[in-house]
Amino acid sequence: MNDSSVRDLNAPIGVQEIVARLERAGFETWCVGGAVRDALLGHPHLDWDFATAATPAEVIRVFKRTVPIGIEFGTVGVFDSQGTMHEVTTFRRDVNTDGRHAVVEFGASLDDDLARRDFTVNAIAYHPKSQEIRDPFDGRLDLKRGLVRAVGKASERMREDRLRALRGIRFAARFSFHIEPETWAAIRASASHMGRLSPERVKQELEKTMEQVERPSNALEWWREAGFLEELVPSIAMAPTERFAALDSLPRAEGALAKGATLSRLAMLWFGEKESVAAAATKALRFSNADSSWISSLAGASAELGRTIDATVREGAPSAVDVRRWVARIGRMRTETFFTLYAALWRARLANDANAIDESRIDALSKLAVIIAFRDPIEIADLAVDGEDLHKAGIKNGPAMGKALHVLLERVIENPALNTIDQLTEIAKAL
Ligand code: CTP
């Protein structure tokens with residue numbers, strides 16, 4: 001493809017200024033990577049990165065405010081006039097790699113630098129002043145025909161960095177692209193080497209998939225087909241297809257709700273697995289304690305209640321007592337998310353099963369469950385009496401007390417009108 005076609009990719013002013021500044025100091029500089037790819041596709045992308053002939057020391061000298069992000073790999077963080085930080089990386093070529101860590105050499109040209117990149121669509125450079133595009137591997141053609149294709153020899157690109165196998169799948173799923181056969185073969189051949197990836201990187205790829213991909217089921221099924229789930233997240237390697245399909249109807253992260261939306265999608269991955277299984281899997285992937293416990297509590301509740309809820313909903317509208325019992329098991333703060341995931345699972349089942357439960361019934365159940373969670377007594381802390389009250393009424397502290405409180409909660413779940421000091425004290429005395 002012609003290397004010098006002109007097109008305005010609307011690089012922000014701060015981006016143009018960084019290039020101008022480095023070039024005034026005598027260093028050839030280009031925009032590269034994801035922002036160029038996304039701009040060519042017409043997607044907004046805020047994360048403009050640069051490749052330059054300047055060494056890190058020279059970059060630091062040219063700009064007032066810099067951050068040493070990865071000096072040994074040539075990367076310096078530079079702030080533009082709008083206060084946004086960008087990665088500026090010295091043109092480089094790989095001299096050695098071990099599947100995750102590259103040893104790089106500076107003094108390379110732009111073309112050398114593009115040749116070491118993972119996929120053709122990520123190996124396009126753009127010059128915001130001349131608006132020249134450098135595209136030695138026909139990345140624009142692949143963007144047009146919807147193809148993820150490795151730069152040069154696919155098996156070598158994957159061997160240099162196994163994370164690329166996961167990235168390739170993510171890009172294909174995100175843009176609804178095909179994966180070119182040789183690239184796919186190299187991706188698949190990476191399965192047995194996936195153990196090299198740190199759990200943090202695997203988790204990050206899962207998170208990016210949930211954040212960036214509108215319909216993540218394709219990505220997850222590719223992970224499964226390539227053997228990556230078996231290697232990296234074995235607890236969900238045999239998950240029913242509808243669980244992954246359910247991801248597609250859960251909203252993707254946007255704006256202020258970003259963290260919650262991504263966490264809900266991640267929780268869907270284990271929804272239906274035992275709590276202990278989900279807890280072990282999320283800990284192994286280095287989720288924070290809070291996120292791991294959120295995900296595994298939802299999983300545990302769905303494993304325990306799923307069949308009962310299904311059967312009850314099939315028979316008709318569940319009673320308030322049923323729903324209170326479920327909410328007590330799920331937990332007040334998790335109830336809304338639980339039923340959002342539950343509804344998504346049924347939407348996915350409906351696609352293949354004409355006998356699946358009608359969506360309107362699940363919606364009605366979700367609404368009722370949230371009302372009940374915040375209106376009715378469903379936890380011991382909601383009882384009108386506490387341990388001290390019961391002690392005064394003659395119940396001994398210790399196991400007997402715990403048991404009494406649970407019996408009272410059970411009675412109140414059956415009939416919230418009993419939740420007064422007098423009535424509960426009477427019941428407790430009779431125990
Ligand atoms: N890159 C690569 N191999 C990797 C990671 C990155 O060749 N394992 C190159 C690609 O050219 C990529 C660029 O570095 O476009 C920037 O990487 P990164 O910011 O991680 O990804 P993006 O392509 O920008 O995509 P996104 O931010 O959406 O993940």
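Read the numbers this way: they start at 1 and go in the same order the structure lists the ligands and their atoms.
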Does ligand 1 have any atom sitting under 4.0 Å from a heavy atom of R170? yes

Close-contact set for ligand 1 against K208 heavy atoms, below 4.0 Å: 29 (O)

Rounded to the nearest 0.5 angstrom, the OG1-CD1 distance for T335 and I330 is 5.0 Å

Within the side chain of R188, is there an N or O that forms a donor-acceptor pair under 3.5 Å with the backbone of A226? no

Is E207 salt-bridged to K203, going by a charged N under 4.0 Å from an acidic O? yes

Just heavy atoms, cut-off under 4.0 Å: does D161 contact ligand 1 by side chain, backbone, both, or neither? side chain

How does R164 reach ligand 1, if at all, at less than 4.0 Å between non-hydrogen atoms: by side chain, backbone, both, or neither? side chain

Under 4.0 Å from ligand 1, counting heavy atoms only, is it the side chain of E205, its backbone, both or neither? neither

Numbered atoms and elements of ligand 1 in range of R117, under 4.0 angstrom, heavy atoms: 7 (O), 9 (C), 10 (C), 11 (O), 13 (C), 14 (O)

Winner among M158, R167, H43, R37 once heavy atoms are compared against atom 6 (C) of ligand 1: R167

Which of the atoms of ligand 1 are close to G33, meaning less than 4.0 Å from one of its heavy atoms? 15 (O)

So D382 and R332, salt bridge (charged side-chain N to carboxylate O under 4.0 Å, His left out) or not? Walk me through it. CA-CA 11 Å; D382 301 332; R332 174 170 287 136; 2.8 Å; yes

Could you list the atoms of ligand 1 found under 4.0 angstrom from a heavy atom of R174? 28 (O)

Would you please indicate yes or no on a ring centroid separation below 6.0 angstrom for F338 and F271? yes

Looking only at distances, can you tell me whether any N or O atom of D118, backbone or side chain, sits closer than 3.5 Å to an N or O atom of ligand 1? yes

Would you call the rings of F177 and F175 parallel, tilted or perpendicular, where under 30° means parallel and over 60° means perpendicular? tilted

Which ligand 1 atoms are under 4.0 Å away from a heavy-atom of G34? 15 (O), 22 (P), 23 (O), 24 (O)

Can you name the nearest heavy-atom pair linking S366 to F339, along with the distance? OG-CB, 3.5 Å

Is the shortest distance from a heavy atom of E160 to ligand 1 less than 4.0 Å? no

Would you kindly check if the NZ (Lys) or CZ (Arg) of R329 is within the cone defined by 45 degrees around the ring axis of W326 and under 6.0 Å from the six-membered ring centre? no

